[in-house]
**Q** 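One structure coming up, written as structure tokens, with questions to follow.
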Amino acid sequence: MKIYLLILVLITVALYSAPASAAPITSMPLNSDKLLLSDAVEKWNKGDIESSRQQYLKLLGRDPKNVNALIGLAQIEDNLGNSKAADAYFLTAFEHTNNSAELHTAHGRYLLKQNRIDEAVSDFERALSINPALPEANVELAVIKLSRFGDAAAAITLYKKALETKPQEVSYLYGLSLALERSGNLKQAIEPLNKIIHAAPTLVLPYKLKGHYHRKLHQYAEAITNFTFAVHKNANPSAMDYITLADVYAESGNSKNAISTYRQAMEQYGENEVVYTKLAYVYHMAGDFEQAEVYYRKAMSINATYSEPYNNMAYIELMHKKNPQEALKFAKDAVRYSPKNANHLDTLGTVYLHLNEYKRAKNTVNKALELSPDSKELKQTLRRIEQSQ
């Protein structure tokens, strides 16, 4: 599930990185200052930091207690790496008021960038005690609760609160979906993604996430549909996009489409030992051991130290060719190239069992159990060895 985890990390990183380029947190200014503030924010968003700074300084010149200007200047200095100047602006702002939700949220973001998590949490909680509906504070706290503390229930509540104010905000919907997934509510996690697709049908990521959620639910038809949409909607689909789709075809038992999709990935992105191994495994599971061996050996020829094809070849030699001595060579190579892989150690232990080398079999499987103590498969192998002695 590496691809899945990578996508989840990508969303979390996106949510964390948003404040660095987002417009400053500001409360509603006085009518006479609206134009200057709007201009400052616009220039900030366009990347014209110096012009934005000048607009904020004008605001501050009109009113030295203008919290919006102090927040904006603090965020500009932080963006430029001038932490002392940023601290000074924040300190001045807090001297004028401690009752601004926007100020506490901006300061919390500042602390978060410095990895001062507990202090940042206090700021966000203070912001929400002042204004429980402030979406930015809800979302910042939700990200921390989910990513730092694993508190999915709290994150769900906070994202839902933020969405009450901004119901179509895509990043909030992604966050809610992720929190629901982490809580184990996969079916509910799909609903925010449907809203994103309805609001922005050209986006690719929600289709990928829906595909992964349906895959975890073993709803393979829905997973295939969504991964297919992701490939077709992506102007430049990656090899991983094709491989993921092929993996789901394979898991669903559709070996024909799995084979053609793995081949399509290699036609577009070149030969690869991992894809050859996956392709071989489809043939392996279909009982075509001759073709499986061809592709396992191609994988080895591309990367002689990639352990997976050696492990699978050991099973072909052991179970189908009835050649345990040849299986032993492959199993030893698999463990040599990936010594901390419990599955490979299990294979080696199984080969030793067939060779009636019970002591080596038992020692090998016990090493595997040290790496994966909860594995039912390893415990079953160990029982078979003990019963055979």
Side-chain angles (χ1 to χ4, degrees), residues 1-6 8 150 181-182 184 186 212 215-218 220 243-244 246-248 250-253 255 258 273-289 292-293 295-297 299-300 303-389:
M1 301 299 287
K2 290 182 179 178
I3 302 171
Y4 172 67
L5 291 173
L6 181 61
L8 295 182
E181 183 275 334
R182 292 283 177 86
L186 286 172
H212 286 296
R215 183 181 183 182
K216 290 184 74 175
L217 289 166
H218 303 291
Y220 293 115
I243 292 168
T244 302
D247 287 346
V248 180
E251 289 172 22
S252 69
S255 56
E273 68 273 18
V274 175
V275 183
Y276 267 131
T277 302
K278 287 175 177 287
L279 180 59
Y281 191 70
V282 175
Y283 284 110
H284 190 153
M285 290 295 98
D288 189 344
F289 304 114
E293 182 174 350
Y295 290 116
Y296 283 138
R297 290 187 181 278
M300 295 174 196
N303 183 351
T305 63
Y306 180 54
S307 63
E308 200 66 30
Y310 294 94
N311 181 74
N312 294 353
M313 274 299 299
Y315 270 105
I316 288 179
E317 293 290 346
L318 183 66
M319 300 300 184
H320 305 292
K321 291 188 175 182
K322 307 300 181 182
N323 189 347
Q325 289 295 341
E326 194 66 22
L328 182 62
K329 295 177 185 177
F330 282 113
K332 283 183 174 180
D333 280 340
V335 171
R336 178 157 61 99
Y337 297 133
S338 187
K340 294 188 181 298
N341 188 312
N343 183 52
H344 294 357
L345 287 165
D346 183 38
T347 302
L348 180 58
T350 300
V351 174
Y352 280 133
L353 173 60
H354 279 74
L355 290 168
N356 299 324
E357 297 188 32
Y358 302 118
K359 185 177 180 180
R360 286 182 174 177
K362 189 172 183 178
N363 289 341
T364 302
V365 174
N366 279 329
K367 285 182 182 179
L369 279 166
E370 290 175 7
L371 297 168
S372 184
D374 297 325
S375 170
K376 293 180 181 179
E377 292 78 7
L378 288 172
K379 291 175 182 178
Q380 184 178 359
T381 303
L382 188 60
R383 283 194 296 270
R384 286 168 49 211
I385 295 169
E386 291 171 344
Q387 290 168 1
S388 299
Q389 287 180 303

**Q** I'd like to know whether L348 forms a side chain to side chain contact (heavy atoms under 4.5 Å, CB included) with R360, so could you lay out the CA-CA distance, the side-chain angles of the two residues, the decisive distance to 0.1 Å, and finally the verdict.
**A** CA-CA 9 Å; L348 180 58; R360 286 182 174 177; over 6 Å; no

**Q** NZ of K362 to CD of E357: how many Å apart, nearest 0.5 Å?
**A**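 One gets 16.0 Å once the value is rounded to the nearest 0.5 Å.
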
**Q** For H354, which residues count as a ring-ring contact (aromatic ring centres under 6.0 Å, His included) partner, sequence neighbours excluded?
**A**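 Here no residue qualifies.
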
**Q** Run the side-chain donor-acceptor check on residues 328-340: report pairs under 3.5 Å with partners two or more places apart or on a different chain.
**A**
| unit_1 | atom_1 | unit_2 | atom_2 | d |
| --- | --- | --- | --- | --- |
| D333 | OD1 | R336 | NH2 | 2.8 |

**Q** If every non-hydrogen atom of I316 is compared with every non-hydrogen atom of A292, which pair is closest and at what distance?
**A**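 It is CD1-CB, 4.1 Å.
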
**Q** Which atoms form the tightest heavy-atom contact between A258 and A250, and what is the distance?
**A**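 Result for this residue pair: CB-N, 3.7 Å.
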
**Q** Whether the Y310 and N312 side chains hold a donor-acceptor pair (N or O, under 3.5 Å, no angle test) is what I'd like checked.
**A**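 Y310 vs N312: no donor-acceptor pair found between side chains.
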
**Q** Run the numbers on E317 and V351 for side chain to side chain contact (heavy atoms under 4.5 Å, CB included), then give the verdict.
**A** CA-CA 10 Å; E317 293 290 346; V351 174; over 6 Å; no

**Q** Using atom types as modelled, flag every donor-acceptor pair under 3.5 Å from a side chain in residues 277-285 to any protein atom, sequence neighbours excluded.
**A**
| unit_1 | atom_1 | unit_2 | atom_2 | d |
| --- | --- | --- | --- | --- |
| T277 | OG1 | E273 | O | 2.7 |
| K278 | NZ | D247 | OD1 | 3.2 |
| K278 | NZ | D247 | OD2 | 3.2 |
| Y283 | OH | R263 | NH2 | 3.3 |
| H284 | ND1 | Y296 | OH | 3.0 |

**Q** Tell me which donor-acceptor pairs under 3.5 Å the side chains of residues 381-389 have, and how far apart each pair is, sequence neighbours excluded?
**A**
| unit_1 | atom_1 | unit_2 | atom_2 | d |
| --- | --- | --- | --- | --- |
| T381 | OG1 | D346 | OD1 | 2.8 |
| T381 | OG1 | E377 | O | 3.0 |
| S388 | OG | R384 | O | 2.7 |

**Q** With sequence neighbours left out, write down each residue that passes side chain to side chain donor-acceptor pair (under 3.5 Å) with E293, or none if nothing qualifies.
**A**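 Here the qualifying residues are R297, K321.
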
**Q** Can you list everything that forms a side chain to side chain donor-acceptor pair (under 3.5 Å) with T364? Sequence neighbours excluded, please.
**A**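 Partners of T364 by the side chain to side chain donor-acceptor pair (under 3.5 Å) criterion come out as none, since no residue qualifies.
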
**Q** Would you indicate whether the side-chain heavy atoms of H212 and E181 approach each other to under 4.5 Å?
**A**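 Not touching, per the 4.5 Å side-chain cut-off.
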
**Q** Atom NE2 of H218 and atom OH of Y220: how far apart are they, to the nearest 0.5 Å?
**A**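 Spacing of NE2 (H218) from OH (Y220) equals 5.0 Å.
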
**Q** Determine the minimum heavy-atom distance between N341 and N343, stating which atoms define it.
**A**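 Smallest heavy-atom distance, with atoms named: OD1-N, 2.9 Å.
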
**Q** Of all heavy-atom pairs between A327 and A314, which one has the smallest distance, and what is that distance?
**A**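 Heavy atoms of A327 and A314 come nearest at CB-O, 3.3 Å.
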
